[in-house]
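For reference, the structure is listed below as structure tokens.
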Amino acid sequence: MITRVLAAGLAAGFVAGLLVALLQHFTTTPLILAAEVYENQVALDARPGVVLSGMHGARLILAHVGHDAAPGAEAGDAWAPADGLERTVYASTVTVATAVGFAFLLLAGMLVAGDAIDRQRALSWAAAGFVVTGLAPAFGLPPELPGMHAADLLDRQVWWIGTAVATATGLWLLLRSRGVALPVLGLALLLAPHVIGAPHPADAGAGRVPAELAARFASVSLSVHAVLWVLVGVLAGWFWQRNETPVVAEA
Amino acid sequence: MNAQAHSAPLSVAGQRSESLKAAAVALLLGTVLVFTAGFSHSATIHNAGHDTRHALSFPCH
Ligand SMILES: [Zn+2]
């Protein structure tokens, strides 16, 4: 059983991740690159005297000036992939890793629920997955372009993860529990993160990324996120069934 | 599941615990993968996954 889960999750995540990485290359990445021009202006203004020439690979580090609390993130010598192919390869690898992670989470949920795993049911779980990691967090924290002004990273990460966990639990209780009390609790869990509210900077509007660019990015990246879940769901169901076929034939 | 019913019959409870074991492994792996790809504070992992974090609406930096 464990082998079957690992095989289906890896295969589905790998294929879905590669397809979405290709999609990102033509949709979100050009917007990210365009935004980084503005982001670098902000970073340079914040640190007068920094010369950008010859620091091509350090662009991502500059982006963190005054923003990132990550240990070592502000050190000028932290590794970053060189622009072009290398950067694309690393981004694609991380997209594949995320897709495999989503596939494992989806299969884990279906197994715990005791649902038969096929393409249709996996697709409905994938829709829930999109609500959990895409729609609900984006309701409070819109997809970010580099250079957009945002609250403290750790605060946003905590809110994001809390929202995802509360939304997943809330959906489960709302859709899968009987009676009145538990579904109502589920509804409360769905709403709670948004009643609490996502962390936003006090000085909203201090970013320099044009609003048109940010708006395009928000809608495009949510669509790409949805495509990723749809592919993960359909493929996880398909690979799961595919591994069963020889056994069924034998029986 | 059919294989077990066919060759070596497992009790329903046995199959259920098999499923839950597999689910636990998948849950752990999935969480670690998504957390590392989307939330790790390591500068190296951040820089490698920067574009993906932005593209999939994880908080990035
Ligand atoms: Zn970042």
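Letters go in sequence order (proteins before strands), and every chain restarts at 1.
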* Region of B/Leu20 that comes under 4.5 Å of a non-hydrogen atom in chain A -> side chain
* Where does A/Gln24 contact chain B at under 4.5 Å (heavy atoms): side chain, backbone, both or neither? -> side chain
* Asked: Side-chain donor-acceptor pair under 3.5 Å between B/His50 and B/His54, yes or no?
  -> yes
* Residue part contacting chain A, namely of B/Phe58, when any heavy atom lies under 4.5 Å -> both
* Closest-packed option against chain B by number of heavy-atom pairs under 4.5 Å, given A/Pro142, A/Pro143, A/Gly114, A/Gly101 -> A/Gly101
* For the pair A/Trp125 and A/Trp172, name the ring-plane relationship: parallel under 30°, tilted 30 to 60°, perpendicular over 60°. => tilted
* Considering all heavy atoms, the nearest A/Phe104-A/Val5 contact -> CE2-O, 3.8 Å
* Asked: Under a 4.5 Å heavy-atom cut-off, does chain B meet the side chain of A/Leu107, its backbone, both or neither?
  -> neither
* Asked: Taking all non-hydrogen atoms of both residues, which atom of A/Val232 and which atom of A/Ala12 are closest, and how far apart?
  -> O-CB, 4.1 Å
* Quick one: of A/Leu222, A/Val220, A/Thr27, A/Leu145, who has the most non-hydrogen atom pairs under 4.5 Å with chain B? -> A/Leu145
* **Contacting region of A/Ala138 [heavy-atom separation from chain B under 4.5 Å]** => neither
* To do: Please name the pair of heavy atoms, one in A/Thr28 and one in B/Ala55, separated by the smallest distance, quoted to 0.1 Å.
  => OG1-CB, 3.4 Å
* Structure fact -> Whatever's closer than 4.5 Å to a heavy atom in chain A on B/Thr36 counts as neither
* **Choice from A/Thr88, A/Leu105, A/Thr29 maximising heavy atom contacts with chain B below 4.5 Å** => A/Leu105
* Asked: Which region of A/Phe102, side chain (C-beta onward) or backbone (N, CA, C, O), has a non-hydrogen atom less than 4.5 Å from a non-hydrogen atom of chain B, or is it both or neither?
  -> both
* Structure fact -> Bottom line for A/Ser221: the part with an atom under 4.5 Å from chain B's heavy atoms is both
* Would you indicate whether the side-chain heavy atoms of B/Phe39 and B/Pro59 approach each other to under 4.5 Å? => yes
* Structure fact -> Closest heavy-atom pair, B/Cys60 versus A/Arg156, reported as atoms and distance to 0.1 Å, is N-NH1, 4.0 Å
* Asked: Do the ring centers of B/His41 and B/His61 come within less than 6.0 Å of each other?
  -> no
* Proximity breakdown for A/Leu31 and chain B, heavy-atom pairs closer than 4.5 Å -> neither
